[in-house]
Amino acid sequence: MITTLNAIAPIFLIIAIGHLLYRTRVVGEAVWSAIEHICFYLLLPFLIIRTLSRANLGSVPIFDFMLVLVVAILGMATLLVLIQALVWKRYPDSGPAFTSLFQGATRFHGFVALAIIGPLYGDDGVTLAALALAIMVPLLNATSVAVLSIYGNSDSHPSVNSVAMKIVQNPLIIACLVGLLFNWTGVPDIVFDTIDIIGDGGLGLALLAVGSGMKVSQAAKQKMLITIGVLIRLVGMPLIVIGMSWLVGLDGLARTVAIIAGAVPTAASAYVMARKMGGDAELMSSILTFQILAAFFTLPLFIYIADHL
């Protein structure tokens, strides 16, 4: 447990520094937007390409790993939709709030997952984390867009083609494909070293950007919904992953990475989607903020459980 805390503490310290820099306006809002952009479109994709290009994929239980993650996501999504249909729809204008709880429960913060898994489990762990991104990002984008289109307040709903294009053009998915291609064909040392240098700059900047997006002051009006959003993501989702891993027989490092992917906070991009597609953006921001704060306590617990199952 001490080793886990020592690995996780710097992650949350960097997030706190990012929040402090934002609150003191040392770094302007336009700069934070640029940092998020370069992390998402360049630095993190290069980190994924570097990791996958020379990973030993023959030792990874890809099918079982994929099955656990996909069933866990779809199981949580189905449960939430059933609750909405049976209970929540009785409350007027509850649709946008439901979309924020849905995104808060199902999506995961790839930046935080990579930053935690790397120091704890090395390149083997990052390889599995990259595969988790390749599996989860398309599925989560599709389900989130569908739920926002049905339950959100936006008058303009995206077409199937526009959703498909967003998924295909996602830089993290493209990076996974490029990394797998390089793994198959080989990559020259000079190209690999270039990718390596660029990719190394990604996680620190990404975590600072996570901190800049925290909005602690907005939480007072929606305490109950925020509490539910924190618990179903940080406790409910990893428990579902643990149950699925037991049913499928997934074990070892693959199981641990799957549990971490289930236990990290939701994706920061969930706020952007809520704002653009008629969700409750304020609730989404508060859920994300308090998930990050609570994860400092829940993540070490689930990592310890994963390592000792």
> Below 4.5 Å, heavy atoms only, C-beta onward: do L299 and F12 meet side chain to side chain?
Replying inline: yes
- prompt: Transitively linked via ILVMFWY side-chain contacts under 4.5 Å: I35 with L20?
  reply: no
Only one of I195, I197, D196 passes side chain to side chain contact (heavy atoms under 4.5 Å, CB included) with F46, and that residue is I195
Would a hydrophobic clustering, with Ile, Leu, Val, Met, Phe, Trp and Tyr connected at side-chain separations under 4.5 Å, put M224 with L293?
yes
One should read off an interatomic distance between I305 CD1 and R255 CZ, to the nearest 0.5 angstrom, of 11.0 Å
I287 and I228, any side-chain heavy atoms less than 4.5 Å apart: no
The reported gap from CD1 in I116 to NE2 in H109 (rounded to nearest 0.5 angstrom) is 10.5 Å
Heavy-atom nearest pair, G229 first then Q291, reads O-NE2, 2.9 Å
Which of V68, L67, I73, L74 passes side chain to side chain contact (heavy atoms under 4.5 Å, CB included) with V70? It is L74
Heavy-atom closest pair (T266 atom, M284 atom, distance to 0.1 Å) is CG2-CE, 4.0 Å
Residues P265 and V112: closest non-hydrogen pair is CD-CG1, 4.3 Å
Review point. What do the steps show when you test I198 against L42 for side chain to side chain contact (heavy atoms under 4.5 Å, CB included), and what is the final call?
Key: CA-CA 8 Å; I198 296 174; L42 180 67; 4.1 Å; yes
Taking every heavy atom of A175 against every heavy atom of I49, the minimum-distance pair comes out as O-CG1, 3.4 Å
After noting the C-alpha distance and the side-chain angles of I259 and I242, does the key distance pass the side chain to side chain contact (heavy atoms under 4.5 Å, CB included) rule? CA-CA 7 Å; I259 292 171; I242 290 171; 3.6 Å; yes
In this structure, OG1 of T143 is separated from CZ of R107 (nearest 0.5 Å) by 8.0 Å
Around atom CG of L82, are there more than 12 heavy atoms from other residues, nucleotides or ligands closer than 6.0 Å? yes
ask   = side chain to side chain contact (heavy atoms under 4.5 Å, CB included) between F290 and T227: does it pass, once the steps are laid out?
value = CA-CA 8 Å; F290 281 88; T227 301; over 6 Å; no
N/O donor to acceptor pairs below 3.5 angstrom from side-chain atoms of residues 123-131, sequence neighbours left out:
| residue | atom | partner | partner atom | Å |
| --- | --- | --- | --- | --- |
| T127 | OG1 | D123 | O | 2.8 |

Heavy-atom nearest pair, L148 first then Q103, reads CD1-NE2, 3.8 Å
Original post:
Out of curiosity, does I174 fall in the hydrophobic cluster containing L181 (side-chain heavy atoms, cut-off under 4.5 Å, transitive links)?
Top reply: no
If you define the side chain from C-beta out and look only at heavy atoms, does anything of L80 sit under 4.5 Å from I232? yes
Is it possible for you to say whether L177 and W184 belong to one hydrophobic cluster, with membership spreading through side-chain heavy-atom contacts below 4.5 Å? no
Taken to the nearest 0.5 Å, the spacing of L288 CG from L283 CG works out to 11.0 Å
For the side chain of S100 and the backbone of D280, is there at least one donor-acceptor N/O pair under 3.5 Å apart?
yes
CG (L231) and CG (L234) are apart, to the nearest 0.5 Å, by 8.0 Å
Quiz item: Under 4.5 Å between any side-chain heavy atoms of I83 and F98, yes or no?
Solution: no
d(T256 OG1, H308 NE2) to nearest 0.5 Å is 10.0 Å
- prompt: So do the side chains of Y151 and P96 get within less than 4.5 Å of each other, counting heavy atoms only?
  reply: no
Would a 4.5 Å heavy-atom cut-off, applied to side chains only, mark D307 and Y121 as touching? yes
Margin query: For the residue pair R25 and Y22, would you count it as a cation-pi contact if the rule is NZ or CZ under 6.0 angstrom from the ring centre and within 45 degrees of the ring axis?
Written below: yes
Set out, in order, the CA-CA distance, both residues' side-chain angles and the distance that settles side chain to side chain contact (heavy atoms under 4.5 Å, CB included) for M76 and I240, then state yes or no.
CA-CA 8 Å; M76 176 64 82; I240 291 174; 3.7 Å; yes
Between P61 and A254, the two heavy atoms sitting closest are CG-CB, 3.8 Å
Do other residues, nucleotides or ligands put more than 12 heavy atoms under 6.0 Å from the CD1 atom of I38? no
